[in-house]
Amino acid sequence: MLDLNRLKALHAVHVYGSVGAAADALMVTPSAVSQQIAKLERETGARLMERNGRGVRLTDAAGLLAEHAERILALVETAEADFEALRGEVVGRLNIAAFPTAVRGLMPGALVSLRQRHPDLWVQLNEREPERVVREVARGELDLGIIQDWLNRPMAIPEGLSKATLLDDVADVAVPAGHPMAGEREVELSALRSEQWISSSPGTVCHDWLVFTLRSASLEPVIACMADEYPTQLALVAAGLGCAIVPRLGRDCVPDGVRLIPLRPRQSRRIYAVWRTDAARRPAIRAMVEALVEVSRKQENAWAVN
């Protein structure tokens with residue numbers, strides 16, 4: 001009988017293209033992945049990996065078995081979800097991931113609430129960029145993910161995933177306190193034509209969105225500084241090194257030397273929870289989504305008061 005863990009190792013190499021990348025995804029050592037595949041070779045009596053330069057590649061037999069493994073693992077997940085739904089108990093393990101500001105702004109409250117209500121559920125939290133979260137949820141490596149997209153640049157959600165909207169996170173422009181527009185109640189994005197900008201790193205969702213949004217307003221972005229954490233961006237704004245567009249969930253404590261001004265047109269990002277549709281019957285998934293919705297509503301109410 002084929003061993004599920006060995007099939008999972010083979011499937012991970014098939015998906016990620018190397019033993020090292022598969023090991024990272026499975027959170028084990030490359031040696032452990034190689035050993036699982038070697039045992040699978042003995043079980044099947046077929047050569048599954050062969051040398052390819054400095055690396056390895058899967059044989060045709062391995063590719064065929066990996067396709068079967070994908071279907072087998074999906075069936076196992078469906079069976080586990082059905083069994084959990086039948087029991088109706090919020091127990092077991094959830095492997096989830098969220099982008100950095102959601103980890104800081106939403107997850108502590110949601111996880112505390114979940115632990116109080118369902119002490120027999122164990123949750124592993126990881127920090128990931130949204131695109132990676134979507135890929136790993138779709139592949140079954142994560143049970144649930146928290147992602148974001150900007151309303152003027154939505155992200156495509158693959159078939160087979162379900163989602164729940166958690167909140168809309170409005171972004172304002174952060175300018176130094178001595179900026180000529182610091183006292184304005186609102187500012188047109190197009191009025192910021194001569195500004196230098198502070199952005200996250202190239203290739204991140206927020207950097208790509210900033211460049212896209214500025215160019216959509218006929219502004220060619222001049223990036224003076226790059227920092228991935230919004231508190232760092234605000235510190236750079238306070239030092240007079242540029243402006244930044246910062247969503248409310250990313251603000252934390254705003255330095256004294258920064259003024260936040262609403263933009264016209266309004267800029268906001270939508271934050272979602274995503275999970276595989278086949279796993280939707282799991283009570284643990286439903287409980288996690290409920291906790292996230294609850295903490296998101298509290299956050300929106302806090303913003304409304306302030």
Side-chain angles (χ1 to χ4, degrees), residues 4-9 11-13 15-16 19-33 36 69-70 73-74 76-85 87-148 157-158 160-164 166 228-229 249 271-296:
L4 281 176
N5 287 327
R6 293 165 196 167
L7 289 175
K8 186 177 292 185
H11 180 255
V13 175
V15 168
Y16 290 101
V19 170
D24 289 342
L26 297 173
M27 291 184 288
V28 298
T29 64
S31 175
V33 173
Q36 292 281 36
E70 183 170 357
L73 294 170
V76 169
E77 181 181 35
T78 300
E80 290 173 343
D82 287 344
F83 187 68
E84 284 190 31
R87 292 172 61 189
E89 299 175 4
V90 182
V91 296
R93 176 186 179 119
L94 278 182
N95 192 18
I96 67 176
F99 61 95
T101 49
V103 169
R104 184 172 63 248
L106 297 179
M107 294 311 304
L111 292 178
V112 167
S113 174
L114 203 66
R115 181 174 295 179
Q116 291 171 345
R117 296 173 184 175
H118 308 291
D120 294 327
L121 177 65
W122 191 86
V123 179
Q124 171 71 55
L125 174 63
N126 310 274
E127 188 173 277
R128 301 275 196 275
E129 283 296 313
E131 297 92 340
R132 182 177 174 184
V133 171
V134 169
R135 290 195 302 269
E136 293 186 356
V137 172
R139 290 170 177 166
E141 293 143 28
L142 292 170
D143 298 303
L144 183 141
I146 313 302
I147 65 170
Q148 53 118 347
I157 303 298
L161 297 189
S162 296
K163 67 179 182 179
L166 300 179
D228 289 335
E229 294 293 330
L249 196 62
I271 298 174
Y272 306 94
V274 294
W275 61 94
R276 290 180 303 286
T277 302
D278 288 344
R281 295 182 298 281
R282 291 183 62 189
I285 294 286
R286 295 199 299 270
M288 186 75 250
V289 173
E290 288 169 4
L292 286 164
V293 169
E294 182 178 303
V295 75
S296 298

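Contact of the I146 side chain with the V133 side chain is not registered, since no non-hydrogen atoms from C-beta on lie closer than 4.5 Å. For the pair L94/L144, no side-chain contact is recorded, criterion being any heavy-atom separation below 4.5 Å from C-beta on.
At distances below 3.5 Å, not a single donor-acceptor pair connects side-chain atoms of S162 with backbone N or O atoms of W275. With hydrogens and angles ignored, the 3.5 Å screen pairs no side-chain donor or acceptor of D120 with any backbone N or O of G92. Between the side chain of D143 and the backbone N or O of N95, at least one donor-acceptor pair lies under 3.5 Å. For R276 (side chain) and V137 (main-chain N/O), a donor-acceptor pair under 3.5 Å exists by modelled atom type.
Among all heavy-atom pairs drawn from A164 and V289, the shortest one is CB-CG1, 4.1 Å. The two atoms that bring L121 and A284 nearest to each other are CD1-CB, 3.8 Å, heavy atoms only. The two residues A291 and L114 have their closest heavy-atom pair at CB-CD1, 4.2 Å. Among all heavy-atom pairs drawn from A287 and V90, the shortest one is CB-CG1, 3.9 Å. Contact detail for R93 and R282: the closest heavy-atom pair is O-NH2, 3.1 Å. Residues P30 and A23 come closest through the heavy atom pair N-CB, 3.5 Å.
A distance of 10.0 Å separates CE in M288 from NE2 in H118, rounded to the nearest 0.5 Å. One distance of note links CZ of F99 with CD of E127; it measures 10.5 Å at 0.5 Å rounding. Rounded to the nearest 0.5 angstrom, L292 CG and I96 CD1 are separated by 6.5 Å. Taken from CD1 in I157 to CD1 in I147, the straight-line distance is 3.5 Å, to the nearest 0.5 Å. Separation of atoms CG (L142) and CZ (R132) is listed at 8.5 Å; rounding is to 0.5 Å. Distance CG/D228 to OG1/T101: 11.5 Å, rounded to 0.5 Å.
Between R117 and E294 there is a salt bridge, with a side-chain nitrogen of the basic residue lying less than 4.0 Å from a carboxylate oxygen of the acidic one.
Residues that satisfy the side-chain hydrogen bond (donor to acceptor under 3.5 Å, both in side chains) test with T29, not counting sequence neighbours, are absent from this structure. In this view, R115 satisfies the salt bridge (Lys or Arg N to Asp or Glu O under 4.0 Å) rule with no residue, not counting sequence neighbours.
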